[in-house]
Visitor: 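Below is one structure. I have some questions about it.
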2 protein chains.
Amino acid sequence: MPLSPLSRPNLAHIVRTRLSEAILSGELEPGQHVPEPELASRLGVSRAPVREALLELERHGLVTFDSRGRTHVVQLTLEDMEEIYSLRLALEPLAAGLTAERGTTQDFETLAANIAATEQATSLAEVTRLDAAFHDLIMRASGHRRAAHFWEGLRYQVEAWLGLMQRRHQAVFQSTQAETVKAHKRLLKVLRSGDAAAAEEEMKKHIVSWRRWLALEADAAARSDRKPTL
Amino acid sequence: MPLSPLSRPNLAHIVRTRLSEAILSGELEPGQHVPEPELASRLGVSRAPVREALLELERHGLVTFDSRGRTHVVQLTLEDMEEIYSLRLALEPLAAGLTAERGTTQDFETLAANIAATEQATSLAEVTRLDAAFHDLIMRASGHRRAAHFWEGLRYQVEAWLGLMQRRHQAVFQSTQAETVKAHKRLLKVLRSGDAAAAEEEMKKHIVSWRRWLALEADAAARSDRKPTL
DNA sequence: GTTCTGGTCACTGTCGACAGTCGACATCCA
DNA sequence: TGGATGTCGACTGTCGACAGTGACCAGAAC
């Protein structure tokens, strides 16, 4: 009987997941102060797991602690995104190269499944989530645990940013789904080829092209002659 | 009156610092299980700050949690160090370039002071600490907060590894102090020149040359025909 | 009206306690 | 004797409580 071992996530993990969703969806607004007691009572748990979850979320860059230790939902600025861009550019090609070398058939099939799911996604939010997951899979498949770990510290911020931009500038993301699928297919093909250098190069291009989303808010602000609200 | 605001570190921070020292010095051995209740009673605090400190230490890669949530002092392998090497190579040249561009006179003076201290250090352990601090300063001076943050997640592991190697292969580190000073002086000079590309290149060289410490244990093991104990 | 003062309130940091769980070890039965 | 079963102890995950601190607000003093 194929009984795989079941994992029993602790409360802190559940709280963390729940809060991630709340932040990514915009249910909790950027900059908003989120007191531990309130979260605890709203979620029906004590403060201990909430505190632990918040520490995790800080690691993921979704919340920050001010000088008094109070928790705020992160408010990403353009400079933050530039930082993230430069780090993605440093990390992801490295991982892509490794994945091309070491990736298993299993890995590539999971990636293919992700692309298929992206093709059939019915909402932008879903596309964004699957996009982040795709990169996540590559980082993991690389076998570079620390790089994957670092990526964990970036991906949620990327998701948060894209979510925010999508809510603000829907029109711009019209063709995103198709483009994402196309780019990911190209990537997967190179990864499967086993050519590390080519994989690095392709990933680099992919990240560079992703950069165009960064200036969105600044551009929109410039056009409408208002201050960018980040 | 120049009274700078005093920071009142919380217990968790103190515990974290104390535990870092214990791990880096070898007081706590690699692989050793460290139960929260014991740490708490030994340090005379409750488990809450200990738990928080352990989470921080995990982020710094000095401890790991097993499937049951029990804490162990990290046991670095050669593969771990290869990972760290590849990440340093991705992160530090980037930061060095930025520091060359944006570094302030103040920054460079702090770096110079660090080098001076390294010159006068009286123990290898001190040299190692100052070495890590030097790189820390560059990461901070770069203004790239996330890169600096990532480096925080590596530096202690680097220190731990070097400490371990130094305790095992003292003789090999004879000339380390002088070499470190020389290399750091070269780096500082390039940083001061403001030439980002040159700074990147010099840092790259520096990291590559650091790589030689990685194979130490494997080499020693091969020579004495025993299994490398990592 | 403005500045100082005191009180109030909302939070965080820390503590001690309890329950559930897992491994180790002893024990029982074939 | 060896494998299954039961018991014990150690630790983690979680909880509720308390104290200390800073922000905010109202009122007093000038």
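Convention: sequence-line order gives letters A, B, ...; per-chain numbering from 1.
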Visitor: Rounded to whole angstrom units, what separation is found between the CG atom of L43(B) and the P atom of dT14(C)?
Guide: 13 Å
Visitor: Enumerate the residue pairs fulfilling salt bridge (charged side-chain N to carboxylate O under 4.0 Å, His left out) with a member in residues 157-167 of chain A, sequence neighbours excluded, ordered by first and then second residue.
Guide: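 Sorted result for residues 157-167 of chain A: R155(A)-E159(A).
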Visitor: Under 3.5 Å, side-chain donor or acceptor atoms of residues 17-24 of chain A against the rest of the protein: list the pairs with distances, not counting sequence neighbours.
Guide:
from: T17(A); atom 1: OG1; to: H13(A); atom 2: O; distance (Å): 2.9
from: R18(A); atom 1: NH2; to: E27(A); atom 2: OE2; distance (Å): 3.2
from: S20(A); atom 1: OG; to: R16(A); atom 2: O; distance (Å): 3.0

Visitor: Who passes ring pair (Phe, Tyr, Trp, His ring centres under 6.0 Å) against F173(A), sequence neighbours left out?
Guide: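 Here the qualifying residues are W213(A).
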Visitor: Show every salt bridge (charged side-chain N to carboxylate O under 4.0 Å, His left out) that has at least one partner inside residues 100-109 of chain B, sequence neighbours left out.
Guide: none
Visitor: In whole angstroms, how far is the C1' atom of dT14(D) from the CG atom of L39(A)?
Guide: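 Rounded to the whole Å, the gap is 17 Å.
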Visitor: Would you mind reporting whether L54(B) and F65(B) have side-chain heavy atoms less than 4.5 Å apart?
Guide: yes
Visitor: Starting at CD of E38(A) and ending at C1' of dT12(C), how long is that distance when rounded to a whole Å?
Guide: 15 Å
Visitor: What protein N or O atoms touch nucleotides 15-19 of chain C N or O atoms at under 3.5 angstrom, if any, and at what distances?
Guide:
from: dC15(C); atom 1: OP2; to: S46(B); atom 2: N; distance (Å): 2.8
from: dC15(C); atom 1: OP2; to: S46(B); atom 2: OG; distance (Å): 2.8
from: dC15(C); atom 1: O5'; to: S46(B); atom 2: OG; distance (Å): 3.4

Visitor: For Y156(B), which residues count as a ring pair (Phe, Tyr, Trp, His ring centres under 6.0 Å) partner, sequence neighbours excluded?
Guide: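 Listed in chain order: H60(B).
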Visitor: Q120(A): which residues meet the side-chain contact (heavy atoms from CB on, under 4.5 Å) condition with it, sequence neighbours left out?
Guide: none
Visitor: Does anything in residues 28-37 of chain A form a side-chain hydrogen bond (donor to acceptor under 3.5 Å, both in side chains)? List the pairs, not counting sequence neighbours.
Guide: H33(A)-R70(A), E36(A)-R47(A), E36(A)-R51(A)
Visitor: Expected output is a numbered-order residue list: members of residues 50-71 of chain A with a heavy atom under 4.0 Å from any atom of DNA chain D. What is it?
Guide: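 Residues of residues 50-71 of chain A that come under 4.0 Å of DNA chain D are, in numerical order, R68(A).
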Visitor: Would you mind reading off the distance between E36(A) atom CD and dT14(D) atom C1', rounded to a whole angstrom?
Guide: 14 Å
Visitor: Give P35(A) one of three labels, base, sugar-phosphate or nothing, depending on what nucleic acid heavy atoms sit under 4.0 Å from its own.
Guide: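 Here P35(A) touches the backbone only, sparing every base.
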